[in-house]
Structures are given as C-alpha cells and as structure tokens.
**Q** 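This structure is in structure tokens; I'll ask about it shortly.
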Amino acid sequence: MINIAKIYTDKDASLDALKGKKIAVLGYGNQGRAWALNMKDSGLNIVVGLERQGKSWEKATKDGFKPVKTEDAVKDADVIIFLIPDMVQRTVWLEKVRPNMKKGADLVFAHGFNIHFKMIEPPTDSDVYMVAPKGPGDTVREYYVAGGGVPVLVATYQDVSGKALEKALAIAKGIGATRSGALVSSFKEETETDLVGEQTILVGGIMELMKSAFETLVEMGYQPEVAYFETINEVKMIVDIIHSKGLSGMLRAVSDTAKYGGITVGKKVINEDVRKRIREAAERVRSGEFAAEWVEEYNKGMPVVINGLKENDNSLEQKVADELRELIERGKPKK
Ligand SMILES: NC(=O)c1ccc[n+]([C@@H]2O[C@H](COP(=O)([O-])OP(=O)(O)OC[C@H]3O[C@@H](n4cnc5c(N)ncnc54)[C@H](O)[C@@H]3O)[C@@H](O)[C@H]2O)c1
Ligand SMILES: CC(C)(O)[C@@H](O)C(=O)O
Ligand SMILES: [Mg+2]
Ligand SMILES: [Mg+2]
C-alpha cells in the first residue's frame, strides 16, 4: 500500500474563515489575476495591490477591480497574498509590506521559495501559510470558470491563531482548488519538488526533449512541419490521455507498435544517466545551490533568461509553431 496523503475537498473546506476579511492580492500576473477573479467570484473581499500604474493596473481595472498601491492595499488587510515574482518578494516585503501591514496580518504564498530559503523572515505574530497551485495561472482561471479547479498543495509555516490550515483551505476553496483537491504538504516539500519538477520535466525537461527530437528529425532531412506535428504538437494529445487515465491508459490508447517501441527505446533515450542527472538537479535544489545561483542571475538582470527567451523566439520550432497556429487552432474542439 502506498502512503496516502491527506487531501481536502469542497466538503471539508469553508469560506467562513475568511468571509468579510480584507484580502490583499499583491500582483496581477499569471496567478494574481486568476486568484483575484476566482476569489471575488467566490464572494471574498479582494483588493488588488500593485507597485505602479501600468499593464497590470490596466488589466485589473478592465476586469472590474480598483487597484491601489501595495502600501495602501496592505495597510488594513487581514490577509496579504504574495503573487508577485519570487525574486521581487523580498524587496516588496522589506520596503512596502512590513512597514505598512497591520500587526498580525496573515502572510500567504503560492510557492515557498522566499520562506524556505529564508529570504523573508516573517514576524512571529503572523500566520504564514501557503496555497500552491499545481498548474499555471491561466489554467487556474480557466478551470474555475468551467466549474472545475486546479489542485493545490497547502502548508502552514506559522500557525499563531490555530486556524492557519482552515484559512489556507478557505483560499483553496475560493480559487476553486478544493473542487479537485488540496493536498497537505510543507513549505520545504512544496518548494523543493516544485523547483525539481519545473527544471527537469515541466519546463526544462519537456522543452529540451521536444527540441532534441524535432531538431534531429529536421537535421535528417524531414520536413519541419512534419517534425513539429510529431515531436511537439501531438504531445498535448498524449499528455491529455495520461492526464485522465494515467500512463497505463496512454499505453493502451496507442498501437502495439508504439507500445513496443516506446517501452524499449524510451529506456535507452531516457536512461540511467538521465536519472542520475535528475538526482543531481534535485540535490542542487535541496542544498540551496540552485536558489543562490538564481538570486545571482536575477541580480545581474537575468541575462540567461533573456537570452534563452530570445533563442527560442528565433528558433525553427517557434517559426513552425507560428506558421501552423491557425491550422492547429482550427482543429481544436469547439466549446
Ligand atoms: N506562474 C504560475 O503559473 C505559478 C504557478 C504556481 C505558483 N506560482 C508562484 O506564484 C507567485 C507569482 O508568480 P507569477 O508567475 O504569477 O508572477 P508574475 O511574473 O506573473 O507576476 C507579475 C505581477 O507582479 C508584478 N511585479 C513585477 N515586478 C514587480 C516588482 N518589482 N514589484 C512589485 N510587483 C511587481 C507585476 O506588475 C505583475 O502584476 C510566485 O511565487 C510563483 O512561484 C506561479
Ligand atoms: C507553472 C509551474 C511551472 O508549475 C510553476 O511552478 C511556476 O513556477 O510557474
Ligand atoms: Mg514553480
Ligand atoms: Mg509548479
């Protein structure tokens, strides 16, 4: 038997712990927009706090919010949610939140980076908890609007009131997550697994695997469009089946030829060496080495990130994606 994690769903969660409280959502980007809209639609009292007038300010206003400056949003907030980039949270905390927040207000995170790596040291009289969506912000909004929810990890770091988990579950319910499930974790577990996941599979692994297969086929003289359909576009369809039926469901949905080729060749391509490097990546996350390197990169103005984005924008894969976009969109199921 596997060890079953504690999972809360809608029937175990109530909005009551946060009803009528003022909830400041800092940031209106990927997660900020989704959380603010979902929680507002769920009947919670939301104020959007932003640094300055700009794109996010306009977006929030268009969506029906009246954004205010960060320092004004946190002044009388009972709950302060950090939905700004991980690398800016420390500065915003030191300069805008800590000097202006109400004593004892809750501090809430969607990822444990700043708390786990001690970049933010919270006051001892605040509840500090986390609701970490296991999916992108746009999906958090899309699923909620369609009546569903993206699962989350919930965790408490400081529980002064004795109600931190209850409040985390209220937020999870507010964003629609408990329609699916809220799994109890810790700041350490969420932070480390999230970083390992995005580096080795979700962002880094899948991208490099797709690029390796695509570029190999093109180098061998196959048409880029054919290579794109095969190595990038169809991934969604295969992953959709894994998503609903697991790996076994996927194996049963493909031909016996694909089963045999996949079972034998997959292990040769993604071999023991790859596992070793995944382990190395995970150890670098766990030791804090990755976090230190990322802070240094951010402080230099993110040259590696900027260059990586530029490289991808100019890649053949992206050119084919742009060329085929209309065709691919045309073929998608209509709602
Ligand atoms: N992106 C995701 O889907 C996702 C998924 C799970 C958890 N998270 C976590 O959620 C948090 C927010 O990530 P995100 O991707 O939604 O952020 P984001 O990059 O989309 O944040 C953009 C928002 O932050 C504001 N912002 C940018 N720089 C700022 C600064 N210097 N000072 C103040 N505000 C600034 C912008 O105005 C904008 O409103 C992070 O902790 C992240 O790890 C993100
Ligand atoms: C969406 C992801 C990759 O799961 C999230 O962890 C992030 O950092 O954006
Ligand atoms: Mg992440
Ligand atoms: Mg993640």
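In each ligand, atom 1 is the first atom listed, and ligand 1 is the first ligand listed. Along the sequence shown, the residues carry numbers beginning at 1. Small disclaimer: the values here were computed from a predicted structure and weren't measured.
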**Q** Working to the nearest 0.5 angstrom, can you tell me the gap between Thr91 OG1 and Ile84 CD1?
**A** 8.5 Å
**Q** For Phe117, give me all partners under ring pair (Phe, Tyr, Trp, His ring centres under 6.0 Å), at least two apart in sequence or on another chain.
**A** Phe113
**Q** With respect to Lys134, which candidate in Leu202, Leu153, Val152 satisfies the side-chain contact (heavy atoms from CB on, under 4.5 Å) definition?
**A** Leu153
**Q** What's within reach of the Mg ion (ligand 4), meaning protein N/O/S atoms under 2.8 Å?
**A** Asp194 OD1
**Q** Hey, are Asp127 and Lys163 close enough for a salt bridge, meaning a charged N less than 4.0 Å from a carboxylate O?
**A** no
**Q** For Val274, does its backbone N or O pair with a side-chain atom of Asn271 as donor and acceptor, under 3.5 Å?
**A** yes
**Q** Sequence neighbours left out, what passes salt bridge (charged side-chain N to carboxylate O under 4.0 Å, His left out) with Lys96? Give chain and number order.
**A**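 Counting only residues at least two positions away or on another chain, Lys96 forms a salt bridge (charged side-chain N to carboxylate O under 4.0 Å, His left out) with Glu51.
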**Q** Side chain of Thr156, backbone of Asp159: donor and acceptor closer than 3.5 Å?
**A** no
**Q** So what's ligand 2 close to, N/O to N/O, under 3.5 Å?
**A**
| residue | atom | partner | partner atom | Å |
| --- | --- | --- | --- | --- |
| ligand 2 | 6 (O) | Asp194 | OD1 | 3.0 |
| ligand 2 | 6 (O) | Asp194 | OD2 | 2.9 |
| ligand 2 | 6 (O) | Glu198 | OE1 | 2.8 |
| ligand 2 | 8 (O) | Glu198 | OE1 | 3.0 |

**Q** Taking only Lys NZ, Arg NE, NH1 and NH2, and the carboxylate oxygens of Asp or Glu, determine whether Lys310 and Asp313 approach each other closer than 4.0 Å.
**A**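 So Lys310 does not pair with Asp313 through a salt bridge.
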**Q** Is there a donor-acceptor pair under 3.5 Å between the side chain of Arg179 and the backbone N or O of Gly148?
**A**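 The answer is yes, because a donor-acceptor pair under 3.5 Å joins these two groups.
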